[in-house]
> 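Below you will find the structure I want to go over with you.
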Amino acid sequence: MSEKLWAGRFIEKTAPIVEKFTSSINVDRRLYAYDIQGSVAHCKTLAKASIISEDEAKHLIEGLEKIKTEIEKGIFEYRDDLEDIHTHIESRLTKIVGKAAHKLHTARSRNDQVALDLRLYLRDTVAFLIELLLELQNVLVGLARDHIKTVMPGYTHLQRAQPILLAHHLLAYYEMFSRDAERLQNGLVRINVMPLGSAALAGTPHPIDRNYTAGLLGFEMVSANSVDSVSDRDFIIEFVSSASICMMHLSRLSEELIIWSSAEFGFIELPDAFSTGSSIMPQKKNPDVAELVRGKTGRVFGNLLAMLTVMKSLPLSYNRDMQEDKTPLFDTADILAACLQIYIQLLPNIKFNATNMQKAASRGYLNATDLADYLVTKGMPFREAHYCVGQVVSYALKNKKEIQELSLKQLQQYAPRIEEDIFEHLAIQQMIDRRTSIGGTATRAVKAALRNAQKKLKKSADRKAK
Ligand code: ARG
């Protein structure tokens with residue numbers, strides 16, 4: 001009998017160029033452990049239904065474990081003519097245990113098998129990525145704690161807007177990454193569904209207990225429709241989409257690290273160990289790591305589009321096009337893990353230049369809103385105060401001065417209500433600490449946010465420890 005799983009109806013041999021073209025072994029071989037895990041559960045299910053004997057099941061399972069060892073030792077042989085990882089394992093199993101291996105594919109097809117492998121892989125991978133996200137959040141909270149006193153200019157339109165605490169800015173990323181972790185966690189509900197037993201597309205006449213298989217593999221439930229089970233890749237699209245959003249956040253962080261480390265900003269110095277030089281310009285220290293995270297984000301977005309495009313016109317149920325799901329999936333998971341890992345190590349080693357940040361926060365009229373608010377407290381309607389402060393800024397600009405550098409007399413030309421207390425009112429720390437609204441930048445509010453973040457992270461860590 002041929003080692004091909006479908007040779008029976010063919011007279012001619014497959015052309016070698018076709019074998020090469022259709023083979024996915026170089027990509028899907030990394031699913032080997034999940035394929036074996038699924039096959040072991042399938043053996044037990046077949047034995048429970050008396051489709052194979054307990055003895056046969058035992059031999060098959062031993063054979064599968066042996067193959068796992070061979071693969072892990074690097075002595076397993078891969079061949080293009082054996083298409084994919086499922087065929088490789090079955091073919092080797094036949095050599096090890098003989099005829100009994102031919103029964104393993106009862107009540108199963110590669111269509112539900114590959115869906116199972118992907119779900120098992122993604123379940124583990126998502127759990128791993130969530131752990132990395134938690135670590136990254138811990139790093140951000142630690143940095144925020146260290147910088148509860150560091151002041152920086154907050155921006156809108158990349159123009160200096162209002163002073164904020166660096167801790168507040170860093171905790172903004174903490175929030176993004178906690179939503180990213182939540183999104184991945186939510187997706188797990190849809191990943192954690194057991195497709196085996198759907199067979200090619202229509203289900204199976206063999207009396208297997210699908211819930212038993214699901215229990216063995218730790219799935220919450222079995223898929224409800226066999227056609228859908230072998231056609232569905234939306235759990236992958238959803239994952240790549242969540243990963244894309246997370247990469248978008250990492251990319252924004254990267255962009256800030258890149259501009260902040262430029263001479264123009266001078267807000268941070270990146271660690272030497274995480275920077276690279278130029279082959280021609282000896283003075284250069286480049287933020288290549290951050291640039292690569294930003295660049296890889298493009299690749300992940302591309303993977304999302306690739307997945308959507310592969311799936312968009314496929315009639316139900318399984319089509320071979322779907323084999324193309326693995327490259328974008330693995331690539332996305334690998335990139336996201338690598339980027340998270342690199343920032344977990346890089347961020348704690350950044351040197352923040354608090355003096356430059358403070359300087360930047362005190363030049364560029366970041367106190368204009370506070371002057372307007374001050375006038376409001378002195379009884380002026382806000383719109384009028386806004387106009388009046390606009391004139392003050394225009395005057396200050398003409399005289400190359402900051403608002404706080406004008407004399408009380410000069411200020412009073414525009415608003416006679418201004419009194420001596422204005423200078424204290426416009427002190428940076430005061431401006432910051434007045435913003436006590438929940439989620440605001442006041443030291444008190446940021447300390448509360450830090451406490452909440454720490455509590456949440458501790459809860460997640462405790463949940464994991466259980
Ligand atoms: N290598 C295939 C894939 O990844 C496995 C399923 C093949 N099924 C088939 N009927 N050709 O999708």
Side-chain angles (χ1 to χ4, degrees), residues 2-10 13-39 41-42 64 67 71 76 78-94 101-102 104-123 125 191 193-204 223 226-237 239-240 303 306-334:
S2 161
E3 285 179 81
K4 285 212 163 46
L5 301 180
W6 38 260
R9 63 98 63 220
F10 288 81
K13 276 180 71 170
T14 319
I17 193 174
V18 171
E19 278 178 342
K20 207 158 175 243
F21 186 70
T22 53
S23 165
S24 58
I25 187 61
N26 283 334
V27 177
D28 61 27
R29 52 191 275 184
R30 68 187 275 181
L31 290 173
Y32 78 91
Y34 301 111
D35 200 69
I36 288 172
Q37 189 188 358
S39 288
H42 189 58
L64 288 163
I67 292 171
I71 293 175
F76 189 86
Y78 295 99
R79 293 169 17 195
D80 268 345
D81 62 322
L82 292 181
E83 281 190 45
D84 51 28
I85 189 66
H86 328 295
T87 313
H88 273 79
I89 290 174
E90 192 177 318
S91 152
R92 178 77 188 115
L93 192 61
T94 310
H102 292 154
L104 181 61
H105 220 50
T106 316
R108 178 173 86 168
S109 132
R110 278 184 299 162
N111 298 350
D112 54 347
Q113 189 177 355
V114 72
L116 173 71
D117 292 6
L118 288 168
R119 285 170 182 277
L120 287 169
Y121 159 81
L122 209 41
R123 197 171 65 177
T125 303
I191 291 168
V193 177
M194 209 288 295
L196 213 60
S198 303
L201 79 160
T204 174
S223 57
S226 61
V227 174
D228 178 46
S229 310
V230 297
S231 310
D232 164 33
R233 293 292 182 270
D234 49 12
F235 66 99
I236 295 181
I237 295 175
F239 165 73
V240 180
N303 289 338
M307 274 309 303
L308 287 165
T309 312
V310 164
M311 297 305 293
K312 80 175 266 289
S313 302
L314 298 187
L316 305 186
S317 61
Y318 179 83
N319 300 270
R320 191 63 177 269
D321 316 45
M322 288 155 72
Q323 182 167 288
E324 293 300 317
D325 59 1
K326 283 165 213 69
T327 307
L329 168 61
F330 296 154
D331 191 50
T332 298
D334 293 346

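Whatever order the structure lists ligands and atoms in, that order sets their numbers, starting from 1. Hydrogens, waters and symmetry mates are skipped; everything else that's a heavy atom, side chains included, is used.
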> For atom 7 (C) of ligand 1, what's the nearest protein heavy atom and its distance?
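Looking at atom 7 (C) of ligand 1, the protein heavy atom closest to it is Y318 OH, 3.5 Å.
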> Contact between Y121 and D28 at the side-chain level, heavy atoms closer than 4.5 Å - yes or no?
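SC-SC contact between Y121 and D28 ruled out.
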> Measure the distance from atom 11 (N) of ligand 1 to every protein heavy atom, then report the residue, atom name and distance (to 0.1 Å) of the closest one.
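Scanning the protein heavy atoms, the shortest distance from atom 11 (N) of ligand 1 goes to R110 NH2, 3.7 Å.
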> Can you name the closest pair of heavy atoms from V230 and D112 and give their distance?
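Heavy atoms only, the tightest pair is CG1-N, 3.8 Å.
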> Any atoms of ligand 1 less than 4.0 Å from a non-hydrogen atom of K326? List them with their elements.
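Reading through ligand 1 atom by atom, the close ones are 3 (C), 4 (O), 12 (O).
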> List the closest protein heavy-atom neighbour of atom 5 (C) of ligand 1: residue, atom name, distance to the nearest 0.1 Å.
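For this ligand atom, the closest protein heavy atom is D84 OD2, 3.6 Å.
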> Could you name the option among N111, V27, I85 that has the heavy atom nearest to atom 8 (N) of ligand 1?
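Answer by nearest heavy atom: N111.
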> Which of the numbered atoms in ligand 1 are below 4.0 angstrom from a heavy atom of V114?
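Here the atoms of ligand 1 in question are 4 (O).
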> Tell me, which protein residue and heavy-atom name are nearest atom 1 (N) of ligand 1, and how many Å apart are they?
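Ranking protein heavy atoms by distance from atom 1 (N) of ligand 1, first comes Q323 OE1, 2.8 Å.
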> Provide the number and element of each atom of ligand 1 under 4.0 Å from a heavy atom of S24.
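Near S24, meaning under 4.0 Å from one of its heavy atoms, ligand 1 has 1 (N).
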> Quick one, V114 and Q323 - any side-chain contact, counting heavy atoms below 4.5 Å?
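No, side chains not in contact.
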> Will you find, in the side chains of S23 and D80, an N or O donor that is under 3.5 Å from an N or O acceptor?
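Indeed, the side chains of S23 and D80 share at least one donor-acceptor pair under 3.5 Å.
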> If I take atom CD1 from residue I85 and atom CG from residue N26, how far apart are they, to the nearest 0.5 angstrom?
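Result: 10.5 Å between the selected atoms.
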> Side-chain contact test, heavy atoms from C-beta onward, threshold under 4.5 Å: evaluate it for N111 versus L201 and give yes or no.
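With C-beta onward as the side chain, the pair stays apart.
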